[in-house]
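What you see below is based on every heavy atom in this structure, not just the backbone, and it leaves out hydrogens, waters and symmetry mates. Chain letters run A, B, ... following the sequence lines, proteins first and then strands; every chain starts at 1.
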There are 2 protein chains.
Amino acid sequence: MSPAPRSKQQIQALYKLREMILAGEFAPGERVSELAVVERLGISRTPVRLALTILQHEGFLQGLPGGGYRVREFSLQDVLDAIEIRGVLEGAAARLAAERRPSAEELAELQATCAAMDSIVIKPMSEEVLEQYSELNGRFHSQLLALSKSPMLSRSLAHVEALPFASPNAFVFVGFAQSEQSDILKFGQHQHADIVEAIAQGEGGRAEALAREHARLARRNLATAQKRMDLYEKVPGSFLFEAGAAPDETGADG
Amino acid sequence: MSPAPRSKQQIQALYKLREMILAGEFAPGERVSELAVVERLGISRTPVRLALTILQHEGFLQGLPGGGYRVREFSLQDVLDAIEIRGVLEGAAARLAAERRPSAEELAELQATCAAMDSIVIKPMSEEVLEQYSELNGRFHSQLLALSKSPMLSRSLAHVEALPFASPNAFVFVGFAQSEQSDILKFGQHQHADIVEAIAQGEGGRAEALAREHARLARRNLATAQKRMDLYEKVPGSFLFEAGAAPDETGADG
DNA sequence: TATCTGTCGATTGTATACAATCTCGCTCCG
DNA sequence: CGGAGCGAGATTGTATACAATCGACAGATA
(Lines give C-alpha, C1' and ligand atoms only; values in the text may rest on other atoms or scores of the structure.)
Protein backbone atom coordinates (compact mmCIF):
# COMPACT_ATOMS: atom_id res chain seq x y z
CA MET A 1 0.00 0.00 0.00
CA SER A 2 2.50 2.56 1.11
CA PRO A 3 5.26 3.13 -1.40
CA ALA A 4 7.45 2.62 1.60
CA PRO A 5 10.31 4.61 2.99
CA ARG A 6 12.64 5.31 0.19
CA SER A 7 15.90 4.87 1.86
CA LYS A 8 18.06 2.16 3.25
CA GLN A 9 18.40 3.35 6.79
CA GLN A 10 14.70 3.93 7.19
CA ILE A 11 13.85 0.54 5.76
CA GLN A 12 16.42 -1.14 7.89
CA ALA A 13 15.33 0.64 11.02
CA LEU A 14 11.70 -0.24 10.35
CA TYR A 15 12.32 -3.87 9.47
CA LYS A 16 14.84 -4.53 12.19
CA LEU A 17 12.69 -2.91 14.82
CA ARG A 18 9.62 -4.79 13.76
CA GLU A 19 11.61 -7.99 13.76
CA MET A 20 12.96 -7.26 17.21
CA ILE A 21 9.52 -6.55 18.56
CA LEU A 22 8.15 -9.70 16.97
CA ALA A 23 11.07 -11.63 18.37
CA GLY A 24 10.16 -10.39 21.81
CA GLU A 25 13.42 -8.59 22.37
CA PHE A 26 11.67 -5.95 24.37
CA ALA A 27 10.07 -6.96 27.61
CA PRO A 28 6.32 -6.55 27.38
CA GLY A 29 5.32 -3.19 28.74
CA GLU A 30 8.94 -2.11 28.81
CA ARG A 31 9.59 1.48 27.97
CA VAL A 32 11.37 1.84 24.66
CA SER A 33 13.35 5.01 24.35
CA GLU A 34 14.53 6.40 21.09
CA LEU A 35 18.10 6.57 22.21
CA ALA A 36 18.18 2.95 23.31
CA VAL A 37 17.01 1.88 19.87
CA VAL A 38 19.57 4.09 18.22
CA GLU A 39 22.29 2.39 20.19
CA ARG A 40 21.06 -1.08 19.48
CA LEU A 41 20.62 -0.54 15.78
CA GLY A 42 23.55 1.75 15.17
CA ILE A 43 21.33 4.02 13.11
CA SER A 44 20.94 7.68 13.81
CA ARG A 45 17.92 9.19 15.46
CA THR A 46 16.15 10.54 12.42
CA PRO A 47 15.38 7.28 10.65
CA VAL A 48 14.78 5.53 13.94
CA ARG A 49 12.31 8.18 14.90
CA LEU A 50 10.45 7.71 11.67
CA ALA A 51 10.37 3.95 12.12
CA LEU A 52 8.99 4.36 15.62
CA THR A 53 6.23 6.61 14.34
CA ILE A 54 5.28 4.13 11.66
CA LEU A 55 5.26 1.23 14.08
CA GLN A 56 3.05 3.25 16.37
CA HIS A 57 0.57 3.70 13.56
CA GLU A 58 0.79 0.03 12.74
CA GLY A 59 -0.20 -0.74 16.28
CA PHE A 60 2.94 -2.35 17.61
CA LEU A 61 3.94 0.56 19.78
CA GLN A 62 2.05 2.80 22.10
CA GLY A 63 3.16 6.37 22.57
CA LEU A 64 3.74 7.26 26.17
CA PRO A 65 2.54 10.56 27.63
CA GLY A 66 5.98 11.57 28.84
CA GLY A 67 7.47 10.72 25.48
CA GLY A 68 8.95 7.45 24.36
CA TYR A 69 7.06 4.32 23.55
CA ARG A 70 6.28 0.92 24.88
CA VAL A 71 5.57 -2.31 23.15
CA ARG A 72 1.89 -2.80 22.88
CA GLU A 73 0.43 -5.80 24.60
CA PHE A 74 -2.62 -7.54 23.27
CA SER A 75 -5.19 -9.23 25.41
CA LEU A 76 -6.58 -12.53 24.32
CA GLN A 77 -9.79 -10.73 23.53
CA ASP A 78 -7.86 -8.36 21.28
CA VAL A 79 -6.48 -11.28 19.33
CA LEU A 80 -9.87 -12.89 18.98
CA ASP A 81 -11.37 -9.58 17.93
CA ALA A 82 -8.68 -9.05 15.35
CA ILE A 83 -9.54 -12.41 13.85
CA GLU A 84 -13.19 -11.49 13.95
CA ILE A 85 -12.56 -8.22 12.18
CA ARG A 86 -10.50 -9.90 9.52
CA GLY A 87 -13.41 -12.27 9.02
CA VAL A 88 -15.84 -9.41 8.70
CA LEU A 89 -13.68 -7.61 6.16
CA GLU A 90 -12.83 -10.70 4.17
CA GLY A 91 -16.51 -11.48 4.19
CA ALA A 92 -17.16 -8.08 2.70
CA ALA A 93 -14.47 -8.73 0.13
CA ALA A 94 -16.04 -12.04 -0.85
CA ARG A 95 -19.47 -10.47 -1.11
CA LEU A 96 -18.23 -7.58 -3.22
CA ALA A 97 -16.32 -10.01 -5.39
CA ALA A 98 -19.52 -11.93 -6.01
CA GLU A 99 -21.59 -8.82 -6.58
CA ARG A 100 -19.13 -7.22 -8.93
CA ARG A 101 -19.05 -10.20 -11.22
CA PRO A 102 -15.47 -11.01 -12.03
CA SER A 103 -14.62 -11.93 -15.59
CA ALA A 104 -13.90 -15.54 -16.43
CA GLU A 105 -10.19 -14.81 -16.57
CA GLU A 106 -10.12 -13.12 -13.19
CA LEU A 107 -12.02 -15.97 -11.67
CA ALA A 108 -9.76 -18.53 -13.31
CA GLU A 109 -6.77 -17.23 -11.38
CA LEU A 110 -8.49 -17.77 -8.08
CA GLN A 111 -9.70 -21.18 -9.17
CA ALA A 112 -6.20 -22.14 -10.21
CA THR A 113 -4.83 -21.23 -6.80
CA CYS A 114 -7.61 -23.15 -5.16
CA ALA A 115 -6.95 -26.20 -7.29
CA ALA A 116 -3.28 -26.07 -6.46
CA MET A 117 -4.11 -26.05 -2.78
CA ASP A 118 -6.41 -29.01 -3.29
CA SER A 119 -3.49 -31.07 -4.41
CA ILE A 120 -1.38 -29.91 -1.50
CA VAL A 121 -3.61 -30.66 1.43
CA ILE A 122 -3.65 -34.35 0.65
CA LYS A 123 0.11 -34.60 0.75
CA PRO A 124 1.84 -35.75 3.90
CA MET A 125 3.01 -32.91 6.03
CA SER A 126 6.53 -31.58 5.67
CA GLU A 127 8.42 -28.36 6.05
CA GLU A 128 8.40 -27.88 2.31
CA VAL A 129 4.73 -28.64 1.89
CA LEU A 130 3.92 -26.24 4.68
CA GLU A 131 5.76 -23.49 2.92
CA GLN A 132 4.00 -24.16 -0.35
CA TYR A 133 0.63 -24.20 1.29
CA SER A 134 1.36 -21.05 3.18
CA GLU A 135 2.30 -19.23 0.02
CA LEU A 136 -0.74 -20.46 -1.87
CA ASN A 137 -2.97 -19.57 1.03
CA GLY A 138 -1.60 -16.04 1.04
CA ARG A 139 -2.10 -15.83 -2.70
CA PHE A 140 -5.67 -17.06 -2.39
CA HIS A 141 -6.55 -14.41 0.11
CA SER A 142 -4.93 -11.62 -1.86
CA GLN A 143 -6.57 -12.75 -5.08
CA LEU A 144 -9.90 -12.81 -3.32
CA LEU A 145 -9.27 -9.29 -2.14
CA ALA A 146 -8.34 -8.23 -5.65
CA LEU A 147 -11.64 -9.56 -6.97
CA SER A 148 -13.47 -7.20 -4.66
CA LYS A 149 -11.96 -4.42 -6.75
CA SER A 150 -11.93 -2.10 -3.82
CA PRO A 151 -8.70 -0.32 -2.95
CA MET A 152 -10.35 1.05 0.15
CA LEU A 153 -11.17 -2.40 1.39
CA SER A 154 -7.65 -3.54 0.65
CA ARG A 155 -6.41 -0.65 2.70
CA SER A 156 -8.58 -1.51 5.68
CA LEU A 157 -7.67 -5.15 5.56
CA ALA A 158 -3.99 -4.36 5.25
CA HIS A 159 -4.27 -2.23 8.34
CA VAL A 160 -5.76 -5.10 10.31
CA GLU A 161 -3.34 -7.68 8.98
CA ALA A 162 -0.39 -5.53 9.95
CA LEU A 163 -0.82 -7.25 13.28
CA PRO A 164 0.97 -10.52 12.65
CA PHE A 165 -1.50 -12.70 14.47
CA ALA A 166 -4.32 -11.35 12.33
CA SER A 167 -2.87 -12.41 9.01
CA PRO A 168 -4.45 -15.30 7.13
CA ASN A 169 -1.26 -17.32 7.48
CA ALA A 170 -0.80 -16.75 11.17
CA PHE A 171 -2.00 -20.17 12.22
CA VAL A 172 -1.55 -22.38 9.19
CA PHE A 173 1.17 -24.46 10.79
CA VAL A 174 -1.11 -25.24 13.68
CA GLY A 175 -3.61 -26.67 11.29
CA PHE A 176 -0.82 -28.58 9.68
CA ALA A 177 0.54 -29.97 12.88
CA GLN A 178 -2.95 -31.02 13.77
CA SER A 179 -3.72 -32.44 10.38
CA GLU A 180 -2.12 -35.71 11.41
CA GLN A 181 -5.06 -36.31 13.65
CA SER A 182 -7.80 -34.19 12.25
CA ASP A 183 -8.98 -32.93 8.92
CA ILE A 184 -9.11 -29.32 9.94
CA LEU A 185 -6.90 -28.30 7.08
CA LYS A 186 -8.98 -30.11 4.50
CA PHE A 187 -12.01 -28.50 6.02
CA GLY A 188 -10.49 -25.09 5.56
CA GLN A 189 -9.62 -25.92 2.01
CA HIS A 190 -13.19 -27.03 1.43
CA GLN A 191 -14.27 -23.59 2.55
CA HIS A 192 -11.92 -22.04 0.03
CA ALA A 193 -13.57 -24.02 -2.73
CA ASP A 194 -17.04 -23.08 -1.52
CA ILE A 195 -16.11 -19.40 -1.46
CA VAL A 196 -14.88 -19.59 -5.03
CA GLU A 197 -18.05 -21.33 -6.07
CA ALA A 198 -20.26 -18.75 -4.38
CA ILE A 199 -18.38 -15.93 -6.05
CA ALA A 200 -18.59 -17.63 -9.41
CA GLN A 201 -22.33 -17.89 -9.05
CA GLY A 202 -22.76 -14.36 -7.82
CA GLU A 203 -24.03 -15.51 -4.46
CA GLY A 204 -22.85 -12.59 -2.38
CA GLY A 205 -24.54 -13.50 0.87
CA ARG A 206 -23.22 -17.03 0.83
CA ALA A 207 -19.73 -15.89 -0.08
CA GLU A 208 -19.74 -13.46 2.82
CA ALA A 209 -20.93 -15.99 5.36
CA LEU A 210 -18.41 -18.55 4.19
CA ALA A 211 -15.46 -16.17 4.27
CA ARG A 212 -16.43 -15.00 7.70
CA GLU A 213 -16.68 -18.49 9.04
CA HIS A 214 -13.44 -19.40 7.34
CA ALA A 215 -11.60 -16.76 9.33
CA ARG A 216 -12.84 -18.35 12.50
CA LEU A 217 -10.72 -21.39 11.85
CA ALA A 218 -7.91 -19.23 13.13
CA ARG A 219 -9.73 -19.05 16.43
CA ARG A 220 -9.84 -22.76 16.72
CA ASN A 221 -6.20 -23.01 15.77
CA LEU A 222 -5.33 -20.46 18.40
CA ALA A 223 -7.11 -22.48 21.04
CA THR A 224 -5.22 -25.56 19.91
CA ALA A 225 -1.93 -23.72 19.99
CA GLN A 226 -2.50 -22.53 23.51
CA LYS A 227 -2.82 -26.08 24.67
CA ARG A 228 0.42 -27.08 23.06
CA MET A 229 3.20 -24.70 23.93
CA ASP A 230 5.48 -26.13 21.28
CA LEU A 231 3.03 -24.81 18.72
CA TYR A 232 2.12 -21.67 20.62
CA GLU A 233 5.63 -20.38 20.49
CA LYS A 234 5.50 -20.45 16.72
CA VAL A 235 2.50 -18.16 16.54
CA PRO A 236 3.88 -14.91 15.16
CA GLY A 237 4.04 -12.35 17.89
CA SER A 238 2.59 -14.65 20.53
CA PHE A 239 4.69 -13.04 23.26
CA LEU A 240 2.80 -9.84 22.59
CA PHE A 241 -0.19 -11.53 24.16
CA GLU A 242 -0.81 -10.86 27.77
CA ALA A 243 -0.45 -13.89 29.92
CA GLY A 244 -3.95 -15.21 30.20
CA ALA A 245 -6.20 -18.19 30.26
CA ALA A 246 -6.74 -20.30 27.20
CA PRO A 247 -9.53 -19.02 24.98
CA ASP A 248 -12.89 -20.26 26.02
CA GLU A 249 -14.44 -21.88 23.00
CA THR A 250 -17.59 -22.63 24.90
CA GLY A 251 -17.98 -19.06 26.12
CA ALA A 252 -20.99 -16.95 25.34
CA ASP A 253 -19.04 -14.43 23.37
CA GLY A 254 -18.71 -14.26 19.66
CA MET B 1 -6.23 6.32 19.32
CA SER B 2 -2.67 7.48 18.99
CA PRO B 3 -1.42 9.39 22.00
CA ALA B 4 -0.45 11.90 19.41
CA PRO B 5 2.75 13.75 18.72
CA ARG B 6 3.91 15.30 21.89
CA SER B 7 5.13 18.60 20.73
CA LYS B 8 3.77 21.84 19.47
CA GLN B 9 5.50 22.03 16.13
CA GLN B 10 4.57 18.47 15.25
CA ILE B 11 0.97 19.00 16.22
CA GLN B 12 0.80 22.27 14.38
CA ALA B 13 2.40 20.85 11.28
CA LEU B 14 0.02 17.91 11.31
CA TYR B 15 -3.11 19.92 11.95
CA LYS B 16 -2.27 22.75 9.61
CA LEU B 17 -1.33 20.39 6.84
CA ARG B 18 -4.44 18.32 7.25
CA GLU B 19 -6.50 21.47 7.27
CA MET B 20 -4.79 22.73 4.15
CA ILE B 21 -5.38 19.47 2.36
CA LEU B 22 -9.01 19.43 3.43
CA ALA B 23 -9.34 23.02 2.35
CA GLY B 24 -8.12 22.04 -1.07
CA GLU B 25 -5.05 24.25 -0.96
CA PHE B 26 -3.12 21.74 -2.95
CA ALA B 27 -4.21 21.06 -6.46
CA PRO B 28 -5.42 17.48 -6.78
CA GLY B 29 -2.61 15.29 -7.99
CA GLU B 30 -0.15 18.09 -7.40
CA ARG B 31 3.22 17.04 -6.19
CA VAL B 32 3.81 18.15 -2.62
CA SER B 33 7.44 18.49 -1.75
CA GLU B 34 8.72 18.64 1.76
CA LEU B 35 10.51 21.88 1.17
CA ALA B 36 7.44 23.60 -0.21
CA VAL B 37 5.50 22.68 2.91
CA VAL B 38 8.32 23.87 5.12
CA GLU B 39 8.20 27.22 3.43
CA ARG B 40 4.45 27.55 3.65
CA LEU B 41 4.23 26.56 7.29
CA GLY B 42 7.39 28.17 8.52
CA ILE B 43 8.23 25.00 10.41
CA SER B 44 11.47 23.14 9.99
CA ARG B 45 11.81 19.95 8.05
CA THR B 46 11.87 17.46 10.89
CA PRO B 47 8.34 18.00 12.23
CA VAL B 48 7.01 18.54 8.73
CA ARG B 49 8.50 15.29 7.65
CA LEU B 50 6.83 13.51 10.53
CA ALA B 51 3.50 15.09 9.74
CA LEU B 52 3.79 14.02 6.11
CA THR B 53 4.49 10.45 7.15
CA ILE B 54 1.48 10.40 9.42
CA LEU B 55 -0.78 11.87 6.78
CA GLN B 56 0.43 9.26 4.39
CA HIS B 57 -0.58 6.56 6.82
CA GLU B 58 -3.90 8.26 7.32
CA GLY B 59 -4.51 8.03 3.62
CA PHE B 60 -4.45 11.69 2.66
CA LEU B 61 -1.11 11.57 0.94
CA GLN B 62 0.46 9.15 -1.43
CA GLY B 63 4.19 8.62 -1.39
CA LEU B 64 5.74 9.11 -4.80
CA PRO B 65 8.38 6.74 -6.14
CA GLY B 66 10.89 9.51 -6.74
CA GLY B 67 10.29 10.88 -3.28
CA GLY B 68 7.84 13.52 -2.21
CA TYR B 69 4.11 13.11 -1.97
CA ARG B 70 0.95 14.03 -3.70
CA VAL B 71 -2.52 14.61 -2.40
CA ARG B 72 -4.49 11.47 -2.75
CA GLU B 73 -7.51 11.63 -5.00
CA PHE B 74 -10.50 9.47 -4.35
CA SER B 75 -12.67 8.06 -7.06
CA LEU B 76 -16.39 8.03 -6.57
CA GLN B 77 -16.12 4.29 -6.13
CA ASP B 78 -13.58 4.84 -3.36
CA VAL B 79 -16.00 7.09 -1.52
CA LEU B 80 -18.84 4.63 -1.91
CA ASP B 81 -16.61 1.80 -0.78
CA ALA B 82 -15.48 3.75 2.26
CA ILE B 83 -19.10 4.19 3.22
CA GLU B 84 -19.70 0.52 2.63
CA ILE B 85 -16.77 -0.44 4.81
CA ARG B 86 -17.92 1.82 7.57
CA GLY B 87 -21.29 0.10 7.33
CA VAL B 88 -19.69 -3.29 7.56
CA LEU B 89 -17.63 -2.35 10.59
CA GLU B 90 -20.43 -0.53 12.35
CA GLY B 91 -22.58 -3.54 11.63
CA ALA B 92 -19.99 -5.69 13.35
CA ALA B 93 -19.94 -3.25 16.26
CA ALA B 94 -23.71 -3.42 16.60
CA ARG B 95 -23.68 -7.20 16.46
CA LEU B 96 -20.92 -7.50 19.04
CA ALA B 97 -22.74 -4.99 21.23
CA ALA B 98 -25.83 -7.17 21.09
CA GLU B 99 -23.92 -10.39 21.65
CA ARG B 100 -21.92 -9.08 24.53
CA ARG B 101 -24.97 -8.03 26.48
CA PRO B 102 -24.43 -4.54 27.75
CA SER B 103 -25.49 -3.74 31.29
CA ALA B 104 -28.62 -1.69 31.83
CA GLU B 105 -26.52 1.36 32.67
CA GLU B 106 -24.41 1.08 29.55
CA LEU B 107 -27.48 0.69 27.44
CA ALA B 108 -29.19 3.61 29.14
CA GLU B 109 -26.52 5.99 27.88
CA LEU B 110 -27.16 4.99 24.31
CA GLN B 111 -30.90 5.19 24.82
CA ALA B 112 -30.56 8.65 26.30
CA THR B 113 -28.66 9.88 23.29
CA CYS B 114 -31.21 8.31 21.00
CA ALA B 115 -34.06 9.94 22.89
CA ALA B 116 -32.37 13.31 22.69
CA MET B 117 -32.09 12.92 18.95
CA ASP B 118 -35.74 11.99 18.74
CA SER B 119 -36.65 15.37 20.12
CA ILE B 120 -34.30 17.13 17.73
CA VAL B 121 -35.37 15.71 14.39
CA ILE B 122 -38.86 17.10 14.77
CA LYS B 123 -37.61 20.64 15.23
CA PRO B 124 -37.47 23.01 12.29
CA MET B 125 -34.09 23.14 10.67
CA SER B 126 -31.58 25.74 11.81
CA GLU B 127 -27.87 26.19 12.13
CA GLU B 128 -28.06 25.56 15.83
CA VAL B 129 -30.25 22.50 15.55
CA LEU B 130 -27.93 21.09 12.93
CA GLU B 131 -25.01 21.45 15.27
CA GLN B 132 -26.84 19.77 18.11
CA TYR B 133 -27.91 16.91 15.92
CA SER B 134 -24.45 16.49 14.55
CA GLU B 135 -22.95 16.26 18.00
CA LEU B 136 -25.55 13.81 19.21
CA ASN B 137 -25.13 11.72 16.09
CA GLY B 138 -21.42 11.52 16.68
CA ARG B 139 -22.02 10.58 20.28
CA PHE B 140 -24.47 7.88 19.28
CA HIS B 141 -22.00 6.25 16.95
CA SER B 142 -19.17 6.37 19.46
CA GLN B 143 -21.36 5.00 22.22
CA LEU B 144 -22.43 2.21 19.95
CA LEU B 145 -18.80 1.45 19.28
CA ALA B 146 -18.06 1.49 22.98
CA LEU B 147 -20.75 -1.10 23.58
CA SER B 148 -18.94 -3.49 21.28
CA LYS B 149 -16.18 -3.46 23.88
CA SER B 150 -13.59 -4.07 21.26
CA PRO B 151 -10.57 -1.79 21.14
CA MET B 152 -9.47 -3.52 17.97
CA LEU B 153 -12.72 -2.70 16.25
CA SER B 154 -12.48 0.88 17.42
CA ARG B 155 -9.04 1.03 15.94
CA SER B 156 -10.18 -0.25 12.56
CA LEU B 157 -13.14 2.04 12.43
CA ALA B 158 -11.04 5.02 13.42
CA HIS B 159 -8.72 4.21 10.57
CA VAL B 160 -11.58 4.25 8.10
CA GLU B 161 -13.16 7.36 9.52
CA ALA B 162 -9.90 9.25 9.29
CA LEU B 163 -11.09 9.93 5.77
CA PRO B 164 -13.44 12.84 6.34
CA PHE B 165 -16.10 11.71 3.92
CA ALA B 166 -16.34 8.36 5.70
CA SER B 167 -17.27 9.75 9.08
CA PRO B 168 -20.83 9.31 10.33
CA ASN B 169 -21.35 13.05 10.32
CA ALA B 170 -20.05 13.63 6.83
CA PHE B 171 -23.44 14.05 5.24
CA VAL B 172 -25.77 15.05 8.04
CA PHE B 173 -26.35 18.51 6.70
CA VAL B 174 -27.48 17.09 3.39
CA GLY B 175 -30.14 15.16 5.17
CA PHE B 176 -31.07 18.30 7.00
CA ALA B 177 -31.27 20.45 3.92
CA GLN B 178 -33.44 17.80 2.36
CA SER B 179 -35.59 17.34 5.40
CA GLU B 180 -37.76 20.20 4.28
CA GLN B 181 -39.05 18.02 1.52
CA SER B 182 -38.42 14.51 2.70
CA ASP B 183 -38.27 12.60 5.92
CA ILE B 184 -34.89 11.09 5.30
CA LEU B 185 -33.58 12.38 8.59
CA LYS B 186 -36.45 10.96 10.57
CA PHE B 187 -35.93 7.72 8.75
CA GLY B 188 -32.32 7.65 9.83
CA GLN B 189 -33.31 8.39 13.38
CA HIS B 190 -35.80 5.55 13.22
CA GLN B 191 -32.94 3.28 12.31
CA HIS B 192 -31.03 4.50 15.34
CA ALA B 193 -33.91 3.52 17.56
CA ASP B 194 -34.21 0.13 15.91
CA ILE B 195 -30.52 -0.53 16.38
CA VAL B 196 -30.79 0.27 20.06
CA GLU B 197 -33.78 -2.01 20.38
CA ALA B 198 -32.03 -4.87 18.64
CA ILE B 199 -29.01 -4.51 20.89
CA ALA B 200 -31.19 -4.36 23.98
CA GLN B 201 -32.84 -7.61 22.98
CA GLY B 202 -29.61 -9.32 22.08
CA GLU B 203 -30.58 -9.62 18.44
CA GLY B 204 -27.13 -9.55 16.91
CA GLY B 205 -28.08 -10.34 13.34
CA ARG B 206 -30.77 -7.71 13.23
CA ALA B 207 -28.53 -5.11 14.82
CA GLU B 208 -25.85 -5.80 12.25
CA ALA B 209 -28.19 -5.58 9.28
CA LEU B 210 -29.71 -2.35 10.56
CA ALA B 211 -26.40 -0.65 11.23
CA ARG B 212 -25.16 -1.65 7.82
CA GLU B 213 -28.18 -0.28 6.10
CA HIS B 214 -28.03 2.82 8.21
CA ALA B 215 -24.60 3.63 6.84
CA ARG B 216 -26.00 3.50 3.36
CA LEU B 217 -28.03 6.59 4.03
CA ALA B 218 -24.75 8.40 3.45
CA ARG B 219 -24.77 7.01 -0.05
CA ARG B 220 -28.12 8.50 -0.77
CA ASN B 221 -27.09 11.79 0.74
CA LEU B 222 -23.99 11.79 -1.41
CA ALA B 223 -26.09 11.29 -4.51
CA THR B 224 -28.31 14.16 -3.42
CA ALA B 225 -25.35 16.39 -2.76
CA GLN B 226 -23.92 15.75 -6.17
CA LYS B 227 -27.06 17.06 -7.75
CA ARG B 228 -26.94 20.23 -5.74
CA MET B 229 -23.58 21.89 -5.87
CA ASP B 230 -24.40 24.24 -3.03
CA LEU B 231 -24.60 21.21 -0.79
CA TYR B 232 -21.81 19.31 -2.48
CA GLU B 233 -19.30 21.95 -1.63
CA LYS B 234 -20.01 21.46 2.03
CA VAL B 235 -19.14 17.78 1.96
CA PRO B 236 -15.89 17.54 3.88
CA GLY B 237 -13.05 16.92 1.51
CA SER B 238 -15.24 16.84 -1.55
CA PHE B 239 -12.52 18.37 -3.71
CA LEU B 240 -10.51 15.26 -3.03
CA PHE B 241 -12.94 13.45 -5.23
CA GLU B 242 -12.02 12.98 -8.82
CA ALA B 243 -14.29 14.81 -11.17
CA GLY B 244 -16.78 12.19 -12.16
CA ALA B 245 -20.35 11.31 -12.90
CA ALA B 246 -22.96 11.39 -10.21
CA PRO B 247 -23.33 8.10 -8.38
CA ASP B 248 -25.66 5.70 -10.07
CA GLU B 249 -28.25 4.72 -7.54
CA THR B 250 -29.87 2.39 -10.00
CA GLY B 251 -26.60 0.70 -10.87
CA ALA B 252 -25.96 -2.98 -10.44
CA ASP B 253 -23.29 -2.51 -7.87
CA GLY B 254 -23.62 -2.67 -4.20
C1' DT C 1 19.10 13.50 -36.51
C1' DA C 2 18.87 10.40 -32.85
C1' DT C 3 20.88 8.47 -28.94
C1' DC C 4 23.92 8.18 -25.27
C1' DT C 5 26.34 10.26 -21.62
C1' DG C 6 27.93 13.56 -18.41
C1' DT C 7 27.08 17.32 -15.53
C1' DC C 8 24.13 20.37 -13.02
C1' DG C 9 20.20 21.26 -10.15
C1' DA C 10 16.80 20.04 -7.05
C1' DT C 11 15.04 17.16 -3.50
C1' DT C 12 15.16 13.82 -0.16
C1' DG C 13 17.88 11.01 3.37
C1' DT C 14 21.11 11.12 7.31
C1' DA C 15 23.45 12.77 11.08
C1' DT C 16 24.19 15.77 14.74
C1' DA C 17 24.20 20.01 17.39
C1' DC C 18 21.28 22.61 20.27
C1' DA C 19 16.98 23.72 22.95
C1' DA C 20 13.21 22.51 25.80
C1' DT C 21 11.03 19.54 28.94
C1' DC C 22 10.44 16.16 32.23
C1' DT C 23 11.91 13.17 36.08
C1' DC C 24 14.05 12.04 39.95
C1' DG C 25 16.64 12.98 43.86
C1' DC C 26 18.72 15.90 47.06
C1' DT C 27 18.78 19.50 50.16
C1' DC C 28 16.96 22.95 52.90
C1' DC C 29 13.47 24.95 55.51
C1' DG C 30 9.47 24.68 58.37
C1' DC D 1 10.80 14.31 60.33
C1' DG D 2 8.26 15.65 56.31
C1' DG D 3 7.33 18.38 52.47
C1' DA D 4 8.48 21.58 49.03
C1' DG D 5 11.54 23.57 45.90
C1' DC D 6 15.52 23.52 43.32
C1' DG D 7 18.87 21.42 40.29
C1' DA D 8 21.23 17.82 37.68
C1' DG D 9 20.67 14.38 34.39
C1' DA D 10 18.38 12.20 30.87
C1' DT D 11 15.29 12.19 27.02
C1' DT D 12 12.72 14.03 23.54
C1' DG D 13 11.78 17.95 20.16
C1' DT D 14 13.72 21.19 16.70
C1' DA D 15 16.66 22.94 13.40
C1' DT D 16 20.16 22.70 10.12
C1' DA D 17 24.37 21.16 7.85
C1' DC D 18 25.95 17.67 4.89
C1' DA D 19 25.57 13.55 1.80
C1' DA D 20 23.39 10.91 -1.62
C1' DT D 21 20.17 10.17 -5.10
C1' DC D 22 17.24 11.18 -8.93
C1' DG D 23 15.94 13.61 -13.07
C1' DA D 24 16.50 16.81 -16.64
C1' DC D 25 18.92 19.13 -19.96
C1' DA D 26 22.46 19.79 -23.09
C1' DG D 27 26.19 18.57 -25.76
C1' DA D 28 28.81 15.45 -28.37
C1' DT D 29 29.28 11.60 -31.30
C1' DA D 30 27.80 8.01 -34.41
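- Listed nucleotides C:dT14, D:dT16, D:dG13 differ in distance to B:R49; the shortest reach to its side chain belongs to C:dT14.
- The distance between atom CD of A:E34 and atom C1' of D:dT11, rounded to the nearest whole Å, is 8 Å.
- Across the protein-nucleic acid pair, B:L35 atom CG and C:dG13 atom P stand 12 Å apart, rounded to whole Å.
- Between B:Q56 atom CD and C:dT12 atom P there is a gap of 13 Å when expressed in whole angstrom units.
- Applying the 4.0 Å criterion to OP1 and OP2 of C:dA15, one finds that A:Q9 has a side-chain N or O inside that range.
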Pairs under 3.5 Å (N/O, protein and nucleotides 21-24 of chain C):
none

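- We find that CG of A:L50 is positioned 16 Å from C1' of D:dT12, with the value rounded to whole Å.
- Side-chain atoms of A:S156 never come within 3.5 Å of backbone atoms of A:L153 as a donor-acceptor pair (strictly under, hydrogens ignored).
- For A:D81 and B:R100, the salt-bridge test passes: some basic side-chain N is under 4.0 Å from an acidic carboxylate O.
- A salt bridge is defined here as a Lys NZ or Arg NE, NH1 or NH2 lying under 4.0 Å from an Asp or Glu carboxylate O, and A:R95 with A:E90 fails to meet this definition.
- Counting to the nearest Å, the P atom of D:dT12 and the OH atom of A:Y69 are 9 Å from each other.
- The CD1 atom of B:I43 sits 7 Å away from the P atom of D:dA15 (whole-angstrom rounding).
- Residue B:S44 has its side chain nearest to D:dT14 when only D:dT14, C:dA15, C:dT12 are considered.
- Inspection of the B:S134 and B:N137 side chains reveals no N or O donor paired with an N or O acceptor under 3.5 Å.
- Ring centroid separation for the pair A:H141 and A:H214 comes in under the 6.0 Å cut-off.
- Nucleic acid contact for A:S33: sugar-phosphate only, since backbone atoms but no base atoms lie under 4.0 Å from a heavy atom of the residue.
- As rounded to whole Å, 11 Å separates atom P of C:dG13 from atom CD1 of A:I11.
- With respect to B:E106 and B:K149, a salt bridge is recorded, a charged nitrogen being found less than 4.0 Å from a carboxylate O.
- Side chain of B:R45, nearest nucleotide from C:dT12, D:dT12, D:dT14: C:dT12.
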Test log, rule side chain to side chain contact (heavy atoms under 4.5 Å, CB included), inputs A:R49 and A:E34: CA-CA 7 Å; A:R49 195 180 186 70; A:E34 199 175 294; 2.4 Å; yes
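- In this structure, B:R70 places its CZ atom 18 Å from P of C:dT11, rounding to the nearest Å.
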Pairing pattern in dot-bracket form [Watson-Crick, G-U; both distances under 3.5 Å; | = partner strand] for DNA chain C: ||||||||||||||||||||||||||||||
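- Side-chain rings of B:F171 and B:F165 stay apart, their centers remaining 6.0 Å or farther from each other.
- Cation-pi geometry between A:R40 and A:F26 is satisfied (NZ or CZ under 6.0 Å from the ring centre, within 45° of the ring normal).
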